[in-house]
Number of protein chains: 2
Amino acid sequence: MFSKACEYGIRATLHIARQSQGGHRVSLKDIAGAIDSPVAFTAKILQQLVHANVIHSLKGPHGGFEMTPHQLHNVRLSHIVSAIDGDQIYRGCGLGLKACNELKPCPLHDQFKDVRDKLQLMLETTSVSELAAGLTEGLTFLKQ
Amino acid sequence: MFSKACEYGIRATLHIARQSQGGHRVSLKDIAGAIDSPVAFTAKILQQLVHANVIHSLKGPHGGFEMTPHQLHNVRLSHIVSAIDGDQIYRGCGLGLKACNELKPCPLHDQFKDVRDKLQLMLETTSVSELAAGLTEGLTFLKQ
DNA sequence: TCTTAAAAGGATAAAAATGTCCGAAATAGA
DNA sequence: TCTATTTCGGACATTTTTATCCTTTTAAGA
Ligand code: FES
Ligand code: FES
């Protein structure tokens with residue numbers, strides 16, 4: 001469904017959000033440990049998320065990653081997914097035609113569009129902070 | 001959503017289904033032309049679909065690919081997808097945890113499961129022959 | 001039997017995704 | 001100012017996916 005990079009990106013953002021809600025800044029190593037991901041690869045993904053204004057970073061001693069109150073309030077899963085995987089998942093044809101086209105649809109268009117739109121709605125309406133709350137309550141987990 | 005191989009596999013099967021409904025057997029070249037896919041790569045995918053009993057093949061002059069009446073009656077999209085992409089899309093965790101686990105769920109589990117199950121239901125209830133009918137009526141297309 | 005047409009299957013190549021390494025830049029604190 | 005710590009960013013390596021090439025197998029028809 002999502003690329004590995006995107007899965008790591010979402011998990012990392014959720015960990016940062018949870019810690020930011022508690023007033024804590026987290027380092028790259030902390031994050032990679034918390035979500036069980038390769039450190040250097042995670043660094044690349046976090047850079048993308050900083051550029052996309054999903055998270056905020058600070059260099060130097062006591063530096064690390066955090067989310068501003070504004071980011072915590074506004075960021076949805078859809079922002080992370082489009083920053084990393086692009087919008088093919090929202091707009092692409094399920095059978096791989098160059099573009100999804102209502103006027104010249106593929107045989108699966110109607111059925112696929114229904115599922116794809118449900119996915120898009122879910123991603124656009126789900127906020128990072130609400131998911132982070134479940135983590136804090138100990139109801140959900142970022143690794144197994 | 002699906003791999004390139006799976007997209008080609010579905011498009012190829014739909015083309016074969018449509019031609020089989022009209023009593024025609026089709027060659028690899030015909031298929032690759034009809035769905036605008038690389039010939040040799042398509043051959044590999046068709047082999048997988050023959051092994052999975054989704055389509056039937058005949059070697060030699062006048063050989064090619066076809067679907068038996070039994071296949072036309074029974075094959076669903078879900079068979080093609082699991083033959084080529086496996087069942088990760090049906091059972092995998094949306095955030096990439098090793099397994100989707102109700103007892104130790106990821107933060108997105110509830111929302112993701114809802115979408116994933118809708119996708120699975122759609123693939124399991126959509127038959128290849130009903131989609132092929134739309135092609136025959138000229139309402140839908142396999143390339144642009 | 002011989003030729004020809006077609007899929008089957010193995011080996012290889014190219015491209016993309018995933019993952020690693022290392023030096024540069026920034027910054028806090030001694 | 002100097003040192004230590006941390007992200008940034010470029011280059012490189014590995015793995016997976018996508019794609020190609022070529023030989024073998026099968027079978028129809030002359
Ligand atoms: S044309 Fe294929 S999903 Fe719209
Ligand atoms: S645990 Fe992640 S989708 Fe079920």
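Letters go in sequence order (proteins before strands), and every chain restarts at 1.
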**Q** A40(A) side chain: which of dT20(C), dA26(C), dT18(D) is closest?
**A**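 Closest of the options to the side chain of A40(A): dT20(C).
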**Q** Under 4.0 Å, counting only non-hydrogen atoms across every strand here, what does L28(A) touch: a base, just sugar-phosphate, or nothing?
**A** sugar-phosphate
**Q** Can you measure K4(B) atom NZ to dT16(D) atom C1' for me and round it to whole angstrom units?
**A** 16 Å
**Q** Considering non-hydrogen atoms only, spot the tightest contact between V75(B) and I80(B) and give its length.
**A** CG1-CG1, 4.4 Å
**Q** So F2(B) and F112(A), would you call those rings parallel, tilted or perpendicular, with 30° and 60° as cut-offs?
**A**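 Aromatic pair F2(B)/F112(A) classed tilted.
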**Q** In whole Å, what is the span from the CD atom of E7(A) to the C1' atom of dT18(C)?
**A**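 In whole Å, dT18(C) C1' lies 12 Å from E7(A) CD.
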**Q** Would you indicate, yes or no, if dT7(D) has its OP1 or OP2 atom less than 4.0 angstrom from a side-chain nitrogen or oxygen of Q47(A)?
**A** no
**Q** Could you tell me whether R25(B) and D30(B) make a salt bridge, using a distance below 4.0 angstrom between a side-chain N and a carboxylate O?
**A** no
**Q** Closer to the 5' end of DNA chain C via nearest nucleotide, is it K44(B) or V26(B)?
**A** V26(B)
**Q** Mapping L46(B) and P38(A) to their closest nucleotides on DNA chain C, which lands nearer the 5' end?
**A**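 Its nearest nucleotide lies further toward 5', so the answer is L46(B).
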**Q** Please work out if L58(B) contacts a base, only the sugar-phosphate, or nothing of the nucleic acid, heavy-atom cut-off 4.0 Å.
**A**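 If one applies the 4.0 Å heavy-atom cut-off, L58(B) turns out to touch the sugar-phosphate alone, with no base involved.
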**Q** Return the value, rounded to whole Å, for the distance between atom CD of Q48(A) and atom C1' of dT7(D).
**A**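 From Q48(A) CD to dT7(D) C1': 15 Å.
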**Q** Distance check: side-chain N/O of H62(A) vs OP1/OP2 of dG29(C), anything under 4.0 Å?
**A**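 The answer is yes; a side-chain N or O of H62(A) sits under 4.0 Å from OP1 or OP2.
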**Q** Phosphate oxygens OP1/OP2 of dA8(C): is one of them under 4.0 Å from a side-chain N or O of S57(B)?
**A** yes
**Q** Quickly work out the R25(A) CZ to dA26(C) C1' distance and round it to whole Å.
**A** 14 Å
**Q** Hydrogens and angles aside, do N53(A) and Q71(A) bring a side-chain donor and acceptor to less than 3.5 Å of each other?
**A**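 Short answer, yes.
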**Q** To the nearest Å, how far apart are F65(B) CZ and dT26(D) C1'?
**A**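 To the nearest whole Å, that distance equals 13 Å.
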**Q** Report which part of the nucleic acid K29(B) touches: base, sugar-phosphate, or nothing (heavy-atom distance under 4.0 Å, all strands).
**A** nothing
**Q** Charged N to carboxylate O under 4.0 angstrom, D85(B) versus K4(B)?
**A**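 Here D85(B) does not pair with K4(B) in a salt bridge, since their nearest N and O are not under 4.0 Å apart.
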**Q** Given atom CD1 of I84(B) and atom P of dT17(D), what is their separation to the nearest angstrom?
**A**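 Whole-Å distance recorded here is 13 Å.
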**Q** Rounded to the nearest Å, what distance is computed from the CG atom of residue D36(A) to the C1' atom of nucleotide dT18(C)?
**A**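 After rounding, the reported distance stands at 15 Å.
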**Q** Describe the nucleic acid contact of H51(A) in one word from base, sugar-phosphate, nothing, applying a heavy-atom distance below 4.0 Å.
**A**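 Touches sugar-phosphate only.
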**Q** Hey, does the side chain of Y8(B) come within less than 4.0 Å of dA19(D)'s phosphate (OP1/OP2), counting only N and O?
**A** yes
**Q** For F41(B) and dT16(D), what is the distance between atoms CZ and P respectively, to the nearest whole Å?
**A**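 The distance from CZ of F41(B) to P of dT16(D) comes to 16 Å, rounded to the nearest Å.
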**Q** Given dA4(D), dT7(D), dA8(C), which nucleotide is nearest the side-chain atoms of V50(B)?
**A** dA8(C)
